[in-house]
Undergrad: 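Okay, handing you the structure first.
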Amino acid sequence: MFKKIIEAEIIENKKIAEGIYRMAVKAPETAADARAGQFVNIYLRNKIMLLPRPISISRVYDDVITLIYKIAGKGTGELSAYLPGEPVRISTSLGNGFQLEDVFKETDSNHNLNKVKIIALVGGGMGVAPLVGLAQKIMNEKEKRSFKDDDLQVIAIVGFQDEPILMKEFETCCNHVYIATESGSTGLKGNVLQLIERKGLKPDYCFACGPRPMLKALANRCENANIPLQVSLEERMGCGYGACVGCVCRIKAKEEGVKSIRKKVCTDGPVFFGNEVVWDD
Amino acid sequence: MIKNINDKLYHAELDLSVSIAGVTLKNPVTTASGTFSARESGAFYDISELGAVITKGVSDVPWDGNPTPRIAETYGGMLNSVGLQNPGVEDFIKHELPLLKSYNTKVIVNVVGKTINDYCKTVEKLDDEAIDIMEINISCPNIKEGGISFGADPKMAAEITREIKRLVKKPIIMKLTPNVTDITEIAKAAEYEGADGVSLINTLLGMKIDVHRKKPVLWNKTGGLSGPSIKPVAIRMVYQVRRAVNIPIIGLGGIMTGEDAAEFLMAGADAVSVGTAALVDPTAPVRIKNELIAFMQQNEYKNLQQIRDALA
């Protein structure tokens with residue numbers, strides 16, 4: 001099947017916090033194979049703005065996907081004015097999502113997880129958006145395997161400047177939600193790393209999405225504690241499908257004689273293992 | 001119904017083919033270097049629909065490219081400073097070329113280098129491979145030695161054309177930069193030394209500053225401007241070069257529609273490349289080909305030469 005640009009129908013486009021919107025679009029072809037951590041390109045109506053806006057898929061319900069976006073400029077400003085019932089041009093799902101199967105690969109003879117009892121979803125700012133979908137996926141997986149909370153717990157560790165978003169969604173899919181805000185308006189005053197420290201949280205597996213300094217600090221912590229970590233990286237994109245090689249990150253090379261290579265965030269990622277990323281590039 | 005039958009008849013009579021340096025392209029639409037990869041573009045459309053594909057720049061050894069940000073959007077255009085990141089000619093021959101050869105289209109390989117010796121090593125390796133044409137990039141604005149020193153000076157352009165022509169049997173097309181005072185001087189130098197064609201234009205050197213952060217948007221500070229905002233410059237240069245040389249021209253620079261492609265042909269191009277449009281809409285090369293067919297049908301052109309001869 002070819003990847004496509006499709007015309008989707010906007011179901012909802014609602015402000016959920018200051019400058020932050022949730023758009024729900026009916027897009028069966030995108031929803032069909034969407035994985036948590038993938039993204040879509042949105043193609044704007046104003047043709048002066050050529051490049052698509054890559055937005056991560058937050059949740060998938062049947063043939064509807066939800067996208068959380070922040071108004072960062074004219075392009076996302078245009079998006080915020082779209083009305084329910086109107087069409088929007090989007091791509092089918094792009095990039096590689098979180099590899100949930102990595103958590104479930106090591107099970108004992110009773111199909112219980114050997115090592116992973118607590119999964120942490122660590123999000124900063126807009127980075128929480130794809131983690132909601134992942135939380136939902138893990139919950140479904142637990143049900144499928146008849147896991148109880150004693151077998152596997154999912155905790156959300158989320159940080160914001162001031163106003164938390166998607167809290168209800170996390171609360172319905174996670175065993176615990178820990179919050180930090182820079183302003184101190186909700187939860188701990190500080191960042192997610194301080195939150196992990198302060199609460200003495202000891203996850204066995206982490207998935208993370210958020211600002212690069214947060215991801216770097218978390219990767220460092222996970223590496224020292226020998227905790228597997230998958231991170232979703234962000235980079236300024238051109239085409240969003242791998243043709244322009246605009247969005248790259250440095251990844252430790254597996255080949256001999258080469259230290260590291262630049263990989264494409266859009267098609268090789270956006271999800272990488274924390275310990276394969278060269279953070280100081 | 002009758003109209004449909006007529007359309008089909010017109011289609012049957014249409015000849016979209018064009019010969020570039022002795023290689024026949026079934027239609028004039030190709031992909032601009034740096035905006036196409038077999039795997040990623042092939043995920044959106046059947047590459048066999050195109051007259052030819054022009055690959056990303058290939059160098060003798062792997063190139064790392066520039067740090068990010070490499071992309072900035074501008075009014076009706078974009079800046080890039082990718083810096084010709086590529087895995088090198090050997091990796092290209094091993095991985096990309098077999099995939100390209102699985103399609104029914106001509107393969108034009110874009111070649112980059114920092115020195116004449118670099119270019120020579122790469123073209124020698126490619127000359128023995130099942131490719132159709134080499135496009136020699138002497139015009140990348142994004143790295144200090146990205147060939148632009150060759151493309152900005154007629155003497156240097158002549159020298160590199162001569163050296164490469166001496167080494168290879170395959171036809172070569174020199175890709176020219178618009179960042180010069182008189183592009184016809186460069187084109188004439190390349191033709192004199194035996195270039196089999198020229199393609200123009202590469203990107204215009206540009207810059208964008210984030211006035212809130214008070215710094216350039218691109219890590220590299222400057223980058224190459226492409227997209228519809230540069231099309232008038234490209235049309236003017238194709239028009240000038242057509243009147244200065246006799247070798248084939250591949251025209252590019254901001255082609256977004258079939259009519260844009262027709263405009264390049266009318267200015268004197270033999271074939272066209274679609275670049276930025278393919279980043280904006282992955283299937284653009286095929287759409288533009290179909291729009292060109294519709295344009296020819298509506299205006300009763302039977303072949304490309306009639307468009308080229310049409311300018312009053």
Side-chain angles (χ1 to χ4, degrees), chain A residues 1-7 41-44 46-54 72-76 78 89-95 212 233-251 253 255 257-268 278 280-281, chain B residues 31-32 34-46 56-57 62-87 91 210 212 217-219 223 226-229 254 256-257 275-287:
Chain A
M1 266 312 290
F2 284 120
K3 289 184 190 171
K4 275 185 195 166
I5 312 301
I6 55 170
E7 198 150 282
N41 272 343
I42 304 187
Y43 296 87
L44 299 170
N46 181 347
K47 297 297 169 209
I48 297 305
M49 292 181 279
L50 291 177
L51 298 176
R53 295 326 191 238
K74 288 199 187 87
T76 39
E78 180 190 299
R89 290 183 70 229
I90 67 168
S91 66
T92 47
S93 52
L94 298 170
R212 196 175 170 98
L233 298 182
E234 193 173 36
E235 185 53 67
R236 195 178 287 257
M237 290 184 183
C239 65
Y241 69 92
C244 74
V245 197
C247 60
V248 289
C249 59
R250 195 172 281 288
I251 297 295
E255 301 85 10
V258 191
K259 265 196 168 154
S260 64
I261 52 167
R262 286 206 165 107
K263 289 206 169 191
K264 297 183 265 196
V265 171
C266 64
T267 47
D268 296 319
V278 180
D280 298 305
D281 182 26
Chain B
T31 57
T35 63
F36 169 86
S37 95
R39 191 162 61 99
E40 322 292 9
S41 306
F44 280 93
Y45 63 86
D46 180 4
K56 258 190 173 303
W63 282 8
D64 213 22
N66 287 319
T68 59
R70 293 175 167 185
I71 302 287
E73 191 175 58
T74 61
Y75 196 90
M78 64 178 279
L79 291 164
N80 90 80
S81 60
V82 170
L84 300 170
Q85 178 178 335
N86 81 91
D91 189 273
D210 183 330
H212 301 291
V217 174
L218 298 174
W219 177 91
S226 64
S229 56
M256 303 297 282
T257 65
T276 302
L279 306 182
V280 178
D281 167 7
T283 60
V286 175
R287 172 179 55 78

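From a predicted model like this one, the values you see are computed outputs, not experimental measurements.
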Undergrad: Under the salt bridge (Lys or Arg N to Asp or Glu O under 4.0 Å) rule, collect the residues that match up with Lys4(A), sequence neighbours excluded.
TA: Glu29(A)

Undergrad: Between Tyr241(A) and chain B, which part of the residue has a heavy atom less than 4.5 Å away: side chain, backbone, both or neither?
TA: both

Undergrad: Looking only at non-hydrogen atoms, find the nearest pair between Thr68(B) and Gly246(A) and report the distance.
TA: CG2-O, 3.8 Å

Undergrad: Can you establish whether the number of heavy atoms outside Glu235(A) located under 6.0 Å from its atom CD is more than 12?
TA: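 Count over threshold, so yes.
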
Undergrad: With respect to chain B, which residue among Arg262(A), Arg89(A), Lys3(A) yields the maximal number of heavy-atom pairs within a distance under 4.5 Å?
TA: Arg262(A)

Undergrad: Between Arg70(B) (side chain only) and Val245(A) (backbone N and O only), is there a donor and an acceptor less than 3.5 Å apart?
TA: yes

Undergrad: Find the distance between NZ (Lys74(A)) and OH (Tyr75(B)) and round it off to the nearest 0.5 Å.
TA: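 These two atoms lie 9.0 Å from each other.
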
Undergrad: Between Ser229(B), Ala277(B), Gly77(B), which residue shows the highest count of heavy-atom pairs closer than 4.5 Å to chain A?
TA: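 Option with the top pair count is Gly77(B).
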
Undergrad: Side chain, backbone, both or neither: which part of Met237(A) has an atom under 4.5 Å from a heavy atom of chain B?
TA: backbone

Undergrad: Which atom pair, heavy atoms only, marks the closest approach of Leu50(A) to Met256(B)?
TA: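 Shortest heavy-atom contact: CD2-CE, 3.9 Å.
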
Undergrad: Tell me the closest heavy-atom pair linking Ala243(A) and Lys56(B), and the distance in Å.
TA: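 Of all heavy-atom pairs spanning Ala243(A) and Lys56(B), the closest is O-CE, 3.4 Å.
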
Undergrad: Return the option, out of Ser91(A), Cys247(A), Gly238(A), Cys239(A), with the maximum number of heavy-atom pairs under 4.5 Å with chain B.
TA: Cys239(A)

Undergrad: For chain B, which candidate among Thr267(A), Ile5(A), Leu51(A) shows the most heavy-atom pairs at distances under 4.5 Å?
TA: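 Most heavy-atom pairs under 4.5 Å with chain B: Leu51(A).
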
Undergrad: So which atom in Tyr43(A) and which in Val280(B) form the shortest heavy-atom distance, rounded to 0.1 Å?
TA: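 Smallest heavy-atom distance, with atoms named: CE2-O, 2.7 Å.
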
Undergrad: What distance separates Gln85(B) CD from Lys264(A) NZ, expressed to the nearest 0.5 Å?
TA: 8.5 Å

Undergrad: Which region of Thr74(B), side chain (C-beta onward) or backbone (N, CA, C, O), has a non-hydrogen atom less than 4.5 Å from a non-hydrogen atom of chain A, or is it both or neither?
TA: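 Only the backbone of Thr74(B) comes within 4.5 Å of chain A.
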
Undergrad: Which distance, rounded to the nearest 0.5 Å, do you find between the CD1 of Ile71(B) and the SG of Cys244(A)?
TA: 4.0 Å

Undergrad: Taking all non-hydrogen atoms of both residues, which atom of Pro52(A) and which atom of Leu279(B) are closest, and how far apart?
TA: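 For Pro52(A) versus Leu279(B), the nearest heavy atoms are CD-O, 4.1 Å.
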
